[in-house]
Amino acid sequence: MAQGKVDALLGIVFGDEGKGKVVDYFTPRYDVVARFAGGPNAGHTIIFEGKKFVLRSIPSGIFDEGKVNIIGNGCVIAPDLFMNEARELEAAGYSLTERLHISRRAHLILPTHRVLDRAYEAAKGKAKVGTTGKGIGPTYSDKAARTGLRVGDILDGFTQKYERLKARHLQILADLHFTDFDITEEEQRWLEGVDYMRQFRLTDTEIEINRYLAEGKSVLAEGAQGSLLDIDHGTYPFVSSSSTTAGGVCTGLGVAPNKIDKVYGIFKAYSTRVGAGPFPVELFDATGDRIRDIGHEYGAVTGRDRRCGWVDIVALRYAIIINGVTDLVMMKSDVLDTFDRIRVCVAYEKDGVRTEDMPYDTEGWQPVYEDLPGWQTPLTEVRSEADFPPAFSAYIKYLEDVLRTPIAIVSVSPDREATIIR
Ligand code: GDP
Ligand code: IMO
Ligand code: MG
C-alpha cells in the first residue's frame with residue numbers, strides 16, 4: 001500500500017468471494033478502511049480466534065482498534081439494521097463511536113423501501129431479481145430520482161422529511177395494490193435506530209478521506225457485492241443497484257481516479273451466484289451440489305442456496321478489464337481439494353457462435369471447458385507456497401496465464417491465518 005493512496009479490494013464475480021476475510025487480514029497495513037457502495041445486502045464473514053462475525057454495513061476493518069472505518073457517500077444505510085450490527089460489535093468489546101465515521105451524503109433505507117422492494121419483486125412474477133429484500137433498489141431509485149433521504153437529514157428537519165417520503169411510498173404501494181405489510185413495529189425500531197445513529201460522527205467523509213490522503217495516510221476501499229452485480233457492468237437487470245466496480249470507489253468515496261493505486265480483484269477457485277439471472281457455468285448435477293456442500297455455499301444474508309459452477313474465465317477477464325485489476329486474490333481453494341478433475345470455462349457458445357468476450361446478453365450461452373487434473377491433497381493446513389501440491393501450483397499458473405494477471409494471494413480456509421501471500 002502506497003502512502004497517500006487508495007487501494008481497492010473488489011469482488012469481481014457475483015459477490016461472496018471472501019472480501020470480509022481479506023479486508024480484515026489487510027487492515028493492519030492501512031490507516032483507514034472505507035465502504036463505498038451497497039448496504040445491508042452485503043454479508044461479509046470474518047473469522048478469527050474461534051469467533052465469527054458477519055458484517056453488513058460496517059467496514060471489515062473494525063476489529064483493528066487503531067483504525068478509522070468509513071461508511072462512504074455511495075452506501076445506503078438502514079438505521080435499525082445498523083443499530084443491531086453496531087450493538088453486537090459493542091457487546092463483543094469493540095468501541096465504535098470514535099472510529100466509525102458515516103457520510104452525511106449516504107442515503108437512508110426506510111422501512112417502506114423494504115416494502116417496495118417486496119412489492120416490485122412480486123410484480124415482476126417470473127422475472128424476479130431475487131433481491132435480498134433489504135430495500136436496496138428502491139433506495140438507490142430515490143437517490144437517482146432526487147427524492148431520497150440522506151444521513152445528513154437526521155440532523156436537520158428529519159421528521160417532516162421522513163413523513164413526506166413515507167407518504168410518497170405509501171401512495172406508490174396503494175397504486176400497486178400492494179397491501180401485504182404492516183410496518184408499525186419495524187418503524188419504531190427504525191426510528192430508534194435513527195436516534196442511535198446520532199452518537200456517531202456523521203460527517204463529510206469525502207473531505208475527511210482526502211485530508212487523510214494529503215497527510216500521507218493509506219486507505220483500503222472495501223467492495224461490496226461483485227462486478228457482475230454492478231448496475232452498469234453486471235448482468236442487467238439481474239444486478240444490484242450500485243456501482244460495485246472500481247469507478248464506484250471514486251464516486252462512492254469522493255476520491256479522484258489518480259489516487260487509486262492497487263486494485264485487488266477477489267474471486268473463488270470456482271463460481272457461485274445467489275439470486276436469479278444468467279449464470280452460464282451453473283452446474284445442476286451432483287458436482288454442483290458437492291461444491292455447495294463442501295464450500296458451505298449458503299447466503300450470509302438470506303440463507304439461500306448459492307448456485308455453483310466451475311471458474312469462469314470469460315467473466316473474470318471482463319471484470320479484470322473493467323476494474324483495472326492489478327492483483328488477483330483466489331479464495332476457497334481448499335473447496336476443490338477432493339476433485340480429481342478441475343474444469344475451467346474458457347469461452348461461451350450459442351448457436352454455433354463462440355465468444356471469449358462477455359456477451360451483452362449472457363442468457364442461453366453454454367460454457368466451453370478445459371480440464372485440469374485435481375490436486376487431491378488437503379490445502380487447509382498449508383501456509384506456504386513451497387508446500388503447494390504440484391497440481392495446485394499448475395492450476396494457479398494456468399489461471400495467471402489466461403487472465404494475464406498475477407494471483408498475489410491464495411486463501412485455503414476461512415480463518416484469518418490461512419492466507420498465503422505469494
Ligand atoms: P464476502 O461477502 O465477499 O465477504 O464473502 P462471504 O462472507 O459472504 O462468503 C465467503 C464465505 O467463505 C464465508 O463463509 C467465509 O468464512 C468463507 N471463506 C473465506 N475464505 C475461505 C477459504 O479460503 N476457504 C473456505 N473453505 N472458506 C472461506
Ligand atoms: P456481498 O457484499 C451476493 C444479489 C442478490 C440479488 C441481486 C440484487 O456479501 O458479496 P439487492 O438486494 O442488492 O437488490 O439484490 O444481488 N446480491 C448479492 N449476492 N453477495 C452480495 O453481497 C450481494 N448483494 C446483493 O442476491 O441477486
Ligand atoms: Mg457475502
Side-chain angles (χ1 to χ4, degrees), residues 9-25 35-48 51-57 59-60 75-76 78 109 113-114 116-118 120-121 128-141 222-231 234-242 244 266-279 291 293-307 329-337 378-380 382 409-420:
L9 182 120
L10 309 173
I12 57 169
V13 202
F14 287 109
D16 300 328
E17 297 92 348
K19 298 175 288 292
K21 170 180 161 161
V22 177
V23 170
D24 168 66
Y25 177 80
R35 278 274 307 266
F36 62 88
N41 49 345
H44 294 183
T45 313
I46 293 118
I47 298 177
F48 58 91
K51 289 174 283 188
K52 174 176 165 177
F53 296 90
V54 179
L55 298 179
R56 308 193 184 284
S57 290
S60 302
C75 296
V76 290
I109 303 175
H113 278 133
R114 294 191 285 243
L116 283 169
D117 197 352
R118 280 201 285 129
Y120 291 145
E121 282 283 86
K128 280 186 190 27
V129 175
T131 72
T132 60
K134 303 294 177 198
I136 303 298
T139 306
Y140 280 108
S141 300
E222 172 179 2
Q225 290 74 57
S227 300
L228 298 183
L229 293 172
D230 181 275
I231 184 75
T235 54
Y236 192 90
F238 299 98
V239 292
S240 192
S241 298
S242 65
T244 63
I266 180 167
F267 70 106
K268 289 189 260 213
Y270 52 95
S271 303
T272 62
R273 172 165 204 167
V274 60
F279 187 35
I291 295 176
D293 282 349
I294 301 173
H296 302 291
E297 292 297 351
Y298 308 97
V301 175
T302 56
R304 290 178 291 178
D305 282 9
R306 292 177 184 150
R307 303 153 69 194
V329 181
M330 185 166 81
M331 308 299 287
K332 302 189 86 160
S333 317
D334 53 299
V335 173
L336 301 187
D337 281 353
L379 290 178
T380 306
V382 172
I409 298 169
V410 169
S411 171
V412 293
S413 112
D415 208 77
R416 192 189 262 171
E417 305 309 318
T419 315
I420 300 153

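Since we're looking at a predicted model, the values are computed, not measured. Just so you know, ligand 1 is whichever comes first in the structure, and atom 1 is the first atom listed for that ligand. Side chains included, hydrogens not; waters and symmetry mates left out as well; all remaining heavy atoms used.
Counting heavy atoms from C-beta outward, F267 and M330 have side chains that approach closer than 4.5 Å. Put simply, the side chain of I136 reaches to within 4.5 Å of the side chain of I109, judged on heavy atoms. Using a 4.5 Å heavy-atom cutoff, the side chains of L229 and R273 are in contact. Looking at R306 and D16, their side chains come closer than 4.5 Å, going by heavy atoms from C-beta outward.
Using a 4.0 angstrom heavy-atom cutoff, G43 counts as in contact with ligand 1. Not a single heavy atom of G226 lies less than 4.0 angstrom from ligand 2. The shortest heavy-atom distance from H44 to ligand 2 is under 4.0 Å. In this structure, K19 counts as a contact residue of ligand 2, since one of its heavy atoms falls inside 4.0 Å of the ligand. Using a 4.0 Å heavy-atom cutoff, R306 is listed among the residues neighbouring ligand 1. Residue contact check for ligand 2: R306 places no non-hydrogen atom closer than 4.0 Å to it. Ligand 2 lies out of reach of S241, whose nearest heavy atom is not under 4.0 Å from it. Within the 4.0 Å heavy-atom cutoff, S413 counts among the residues contacting ligand 1.
Distances below 4.0 Å separate heavy atoms of A42 from the following atoms of ligand 2: 1 (P), 2 (O), 9 (O), 22 (O). Proximity to S240 (heavy-atom distance under 4.0 Å) selects the following atoms of ligand 2: 8 (C), 11 (P), 13 (O). Every atom of ligand 1 is numbered from 1 in the order shown, and the set under 4.0 Å from a heavy atom of S411 is 20 (N), 21 (C), 22 (C), 23 (O). Applying the 4.0 Å criterion to heavy atoms of G20 picks out, from ligand 1, the atoms 4 (O). Those atoms of ligand 2 with a heavy atom of A224 less than 4.0 angstrom away are 2 (O). Proximity to R304 (heavy-atom distance under 4.0 Å) selects the following atoms of ligand 2: 5 (C), 26 (O). Ligand 1 places these atoms under 4.0 Å from at least one heavy atom of M331: 20 (N). In summary, the atoms of ligand 2 found under 4.0 Å from a heavy atom of V129, numbered by their order in the structure, are 8 (C), 27 (O).
For K52, the NZ atom sits in a loose shell: 12 or fewer heavy atoms of surrounding residues, nucleotides or ligands are nearer than 6.0 Å. Heavy atoms from other residues, nucleotides or ligands lying under 6.0 Å from OH of Y236 number 12 at most.
Nearest to atom 8 (C) of ligand 2 by heavy-atom distance, out of T132, V76, D16, V239, is V239. Heavy-atom proximity to atom 24 (N) of ligand 1, evaluated over T380, D334, V335, is greatest for D334. Within the set D16, I46, D337, the minimum heavy-atom distance to atom 10 (C) of ligand 1 is found for D16.
Considering only residues two or more places apart in sequence or on other chains, S60 meets the side-chain hydrogen bond (donor to acceptor under 3.5 Å, both in side chains) condition with E222.
Each of D24, I266, I46, L55 was evaluated against K19; a single residue qualifies, I266, per the side-chain contact (heavy atoms from CB on, under 4.5 Å) test. Under the side-chain hydrogen bond (donor to acceptor under 3.5 Å, both in side chains) test applied with S411, the options K21, R416, K332 reduce to a single match, K21.
To the nearest 0.5 Å, atom CD of residue Q225 and atom OG1 of residue T132 are 8.0 Å apart. A distance of 7.0 Å separates OG in S242 from CG in N41, rounded to the nearest 0.5 Å. We find the OH-NE2 distance between Y140 and H113 to be 11.5 Å, quoted to the nearest 0.5 Å. Rounded to the nearest 0.5 angstrom, Y270 OH and M331 CE are separated by 10.0 Å. Taken from OG1 in T380 to CG in D337, the straight-line distance is 5.5 Å, to the nearest 0.5 Å. A distance of 12.0 Å separates OG1 of T131 from CZ of R114, quoted to the nearest 0.5 Å.
Residue contacts to the Mg ion (ligand 3): A42 brings no N, O or S atom closer than 2.8 Å.
Residue contacts with ligand 2, taken as heavy atom pairs separated by less than 4.0 Å, involve F14 solely via the backbone atoms N, CA, C and O. When heavy-atom distances to ligand 2 are checked against a 4.0 Å cut-off, L229 comes that close only through its side chain, counted from C-beta outward. Looking at V54 against ligand 1, nothing comes within 4.0 Å, counting heavy atoms. No part of E297 comes within 4.0 Å of ligand 1, judged by heavy-atom distances. Of the heavy atoms in K21, only side-chain atoms (C-beta onward) come closer than 4.0 Å to ligand 1. Residue contacts with ligand 1 for I47 involve side-chain atoms from C-beta outward but no N, CA, C or O (heavy atoms, distance under 4.0 Å).
Residue E17 places no N or O, backbone or side chain, under 3.5 Å from any N or O of ligand 2. Between T131 and ligand 2, no N or O atom pair is found at a separation short of 3.5 Å. Backbone and side-chain nitrogen or oxygen atoms of K332 are examined, and one is located within less than 3.5 angstrom of a nitrogen or oxygen of ligand 1. Considering both main-chain and side-chain atoms, D117 never comes within under 3.5 Å of ligand 2 through any nitrogen or oxygen pair.
As for D16, its N/O/S atom nearest the Mg ion (ligand 3) is the one called OD1.
Side chain to side chain, K134 and T139 fail the donor-acceptor criterion of an N or O pair below 3.5 Å.
Between the side chain of S227 and the backbone N or O of G11 there is at least one donor-acceptor pair closer than 3.5 Å.
With a 6.0 Å cutoff to the six-membered ring centre and a 45° limit on the axis angle, R307 does not count as a cation-pi contact of F279.
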